[in-house]
Each structure stands twice: as C-alpha cells, then as structure tokens.
Amino acid sequence: QVQLVESGGGSVQAGGSLRLSCAVSGYSYSRNCMGWFRQAPGKEREGVAAISTDGRNTHYADSVKGRFTISQDNAKNTVYLQMNSLKPEDTAMYYCAATDGCIMQRWWLLSRSNYAYWGQGTQVTVSS
C-alpha cells in the first residue's frame with residue numbers, strides 16, 4: 001500500500017522560506033515520478049514541481065521557477081520541496097503525489113490527472 005505523508009507546512013511572512021517533506025512508503029521508485037501540487041481556496045489543484053525518481057529530470061510551474069526546488073533522498077524515501085522568496089499568492093494546501101508510470105514531459109508531469117497516489121496535504125500560509 002502506497003502512503004505519502006507531507007510535513008513542513010506553516011505560516012511565514014513574504015520573502016521567507018519553508019521546506020516541505022514527503023515521506024514515501026510502499027512505492028516502487030523504478031521509472032516513476034513524484035510531484036508537488038497545491039490548491040488554494042476556490043481554485044483548482046495545480047502542479048508546482050515534479051521529479052523523476054532517478055533524480056535526473058525536474059520540472060516547475062512558471063510561477064515558482066527560480067524560487068522552488070524539488071529534490072529527493074531515495075535512501076530516506078523522502079521528497080522535498082524547498083520554497084524560497086515566498087509570496088502571499090503561494091498560500092495553499094500543498095500535496096505530494098506519485099505516478100504509476102511516467103512520461104518525462106513537463107506538461108504531463110504537472111498534470112494532476114497523471115498521478116495515482118496522493119498525500120493528505122500540508123498547509124502553507126504566506127502573509128504580506
């Protein structure tokens with residue numbers, strides 16, 4: 001049974017940083033991908049960043065490029081999202097997700113419909 005558990009959310013002021021973690025269990029890392037998504041109140045869930053499980057490919061939404069970094073530590077079965085220069089518009093519930101198979105294309109990796117497994121989410125609130 002695949003389980004994804006996010007942590008690291010919280011409240012910060014604009015310009016601050018947070019690092020989200022996603023602890024993964026029961027998942028096959030072979031030729032798969034992991035992603036971070038977010039959903040603000042009244043908005044659709046959107047892809048933020050994705051990484052192939054071999055760590056060779058990463059992709060980002062334009063809105064976070066240069067500020068967020070996705071990484072993974074396979075020895076710890078954990079995926080991270082380092083978020084710097086946070087803005088109030090980054091406020092959302094952040095979800096970790098995992099695919100069942102993977103196409104190494106940005107459009108595919110940032111589409112929520114391509115992810116089979118989801119965590120419960122961790123809230124990030126950025127105040128101005």
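Here, residue 1 is the first one in the sequence, and each next residue gets the next number.
Residues passing the side-chain contact (heavy atoms from CB on, under 4.5 Å) test with Val12, sequence neighbours excluded: Leu18, Leu86, Val126. Residues forming a side-chain contact (heavy atoms from CB on, under 4.5 Å) with Val5 (at least two apart in sequence, or on another chain): none. Taking Phe37 as the reference, Tyr115, Trp118 meet the ring pair (Phe, Tyr, Trp, His ring centres under 6.0 Å) condition, with sequence neighbours excluded. With sequence neighbours left out, the salt bridge (Lys or Arg N to Asp or Glu O under 4.0 Å) criterion links Glu89 to no other residue. Evaluation of the side-chain contact (heavy atoms from CB on, under 4.5 Å) rule for Gln3 yields Gln1, Ser25 as partners, not counting sequence neighbours. Not counting sequence neighbours, the partners of Lys65 by the salt bridge (Lys or Arg N to Asp or Glu O under 4.0 Å) test are Asp62.
Each of Cys22, Ser7, Ser21 was scored for a side-chain contact (heavy atoms from CB on, under 4.5 Å) with Thr78, with one residue passing: Ser21. Exactly one of Arg45, Glu44, Glu46, Arg112 qualifies for a side-chain hydrogen bond (donor to acceptor under 3.5 Å, both in side chains) with Gln39. That residue is Arg45.
Contact check for Arg38 versus Leu81: no side-chain heavy atoms found under the 4.5 Å cut-off.
Separating the CG atom in Asn84 from the OG1 atom in Thr69 is a distance of 6.5 Å, to the nearest 0.5 Å. In this structure, CG on Leu4 lies 9.5 Å from CD on Gln120, to the nearest 0.5 angstrom.
Around the CD atom of Gln123, the shell of radius 6.0 Å holds more than 12 heavy atoms that belong to other residues, nucleotides or ligands.
With Ser128 contributing its side chain and Pro88 its backbone, the two residues share no donor-acceptor pair below 3.5 Å.
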